[in-house]
Amino acid sequence: MGLDLKQLCVRERTNLESFTSKIVAIDAYNAIYQFLSIIRGPDGLPLTDYNGKITSHLSGLFYRNINFLSLGIKPLYVFDGKPPSLKSAEIQRRKQVKKDATIKYEKAISEGNYAEAKKFAQQTSVLRDDMVEESKILLQLFGIPFIQAPSEGEATAAHLTNTGQAHASASQDFDSLLFGAKRLVRNFTNSGKRKLPNRNTTIEIEPEIITLDKTLSSLGITREQLVDVGILIGTDFNPDGFERIGPKTALKLIKENEKLENILQIQDKLNEIDYEQIRELFLKPSVANVPEIKFDNVDYGGIVNYLTRERSFSLDRVETSLNRLKKSLEKKSQNLDQWFG
DNA sequence: CACTGTCA
DNA sequence: TGACAGTGG
């Protein structure tokens, strides 16, 4: 799933601190889905409130945004709108993966295989509309702005990096680059060790930045050609890609032939997909026009109220974290007062 | 994922 | 102090 551009990109290590005072357009669905699938108890089930409603997404957003704001990072969440119709095959495929995972989960449970059960439980995650609404409530209480994209969120996030309204776009998906994001940040989190699924080892996860211009000049191709490379590898709009063509071959073919139409050996397959429309989706996507981006004050009381009274969060934990944020923000305004006061 | 408590 | 296991909801 997703577009496998990892080995073709110029990826540079970075850290959260280098985004202080910068607006970063965050692929909201990407972030929330990650929380939903990863923040789970030992049994593999997501966290829930007294009503049995899932709260994993709220836990993730709560702590991560506290970190962002504490560091002076300005997150702007971009939510997906209606997916392009060309995406329906991919959406259908993902649904099927979830169905299969549900069966495998139940099998693992009945066999008493905990680790397997957890793995498959994660794959069953579904991001529902009410979770999106709840996430927006929490963002609003944090004073963090969010926008609704007309179609793909990544497209609008990429657009904002070009209008100068955002410094970078944050997502795990490389599609952002095809949409023209000037800078893409992956692993936009605190660095730390993560356990690999299955294996008994841990790896260090660190934020990384991919600059589109650097990547294009290192590959020696244009953005239009990168889109063609993407189509050869397989995008959400042609998930199967082309047989026996991976990132390396795709790049080679485009460099040798300039564009899809000139690659003789793929013409039969190429005519089975609407490649011109796929190009258009990446190169001229429908995006939101964003007049101004405003950050509000944090509504500390409102956050405590919502998370503890309505969503079963521990008062102690919520207050401890919010006090840490308050301290950081006060320190920041003191620093400003020293300059202007 | 991100936090907390424990133990060397 | 820092690595790791366990917990959060």
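Annotation: cation-pi geometry not satisfied between A:K6 and A:F174 (NZ/CZ under 6.0 angstrom from ring centroid, within 45° of ring axis).
Rounded to a whole Å, the OH atom of A:Y114 is 14 Å from the C1' atom of C:dG6. Remark: C1' of B:dA2 and CD1 of A:I32 are 17 Å apart, rounded to the nearest angstrom. Protein atom CG of A:D49 is 15 Å distant from nucleotide atom P of C:dG8, rounded to whole Å. In this structure, the CZ atom of A:R40 is 16 Å from the C1' atom of B:dA2, given to the nearest Å. If you take CG of A:D316 and C1' of C:dG8, they are 12 Å apart, rounded to a whole angstrom. Distance NZ (A:K53) to P (C:dG9): 17 Å, rounded to an integer number of Å. Put simply, CG on A:L325 is 12 Å from P on B:dC3, counting in whole angstrom units. Atoms CG (A:N67) and P (B:dC3) sit 5 Å apart, rounded to a whole Å.
Of the candidate nucleotides B:dC3, C:dG8, C:dG9, C:dG9 has the atom nearest to the side chain of A:F313.
For the residue pair A:S59 and A:T55, no side-chain donor N or O sits within less than 3.5 Å of a side-chain acceptor on the partner. Between the side chains of A:Q148 and A:K136, at least one donor N or O lies within less than 3.5 Å of an accepting N or O. When only modelled atom types and interatomic distance are considered, A:S125 and A:R40 share a side-chain donor-acceptor pair under 3.5 Å.
Looking at heavy-atom distances under 4.0 Å, A:S321 makes no contact with the nucleic acid at all. Among the heavy atoms of the strands, none lies under 4.0 Å from A:P42. The residue A:S314 sits close only to the backbone: its heavy atoms come under 4.0 Å of sugar-phosphate atoms, none of a base. Using a 4.0 Å heavy-atom distance criterion, A:T48 is classed as a base contact.
With respect to A:D130 and A:K53, a salt bridge is recorded, a charged nitrogen being found less than 4.0 Å from a carboxylate O.
In this structure, A:F68 has its ring center at least 6.0 angstrom away from the ring center of A:F19.
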With side-chain hydrogen bond (donor to acceptor under 3.5 Å, both in side chains) as the criterion, how do A:N65 and A:Y77 come out once you've worked through the C-alpha distance, each side chain's angles and the decisive distance to 0.1 Å?
CA-CA 11 Å; A:N65 283 320; A:Y77 285 80; 2.7 Å; yes
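The shortest distance between the side-chain N/O atoms of A:R324 and the OP1/OP2 oxygens of B:dC3 is below 4.0 Å. Phosphate contact (OP1/OP2 of B:dA2, side-chain N/O of A:R64, threshold under 4.0 Å): present.
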Can you give the dot-bracket line for DNA chain C, where a pair is Watson-Crick or G-U wobble with both atom distances under 3.5 Å, crossing pairs use [ ], and | marks a partner on another strand?
||||||||.
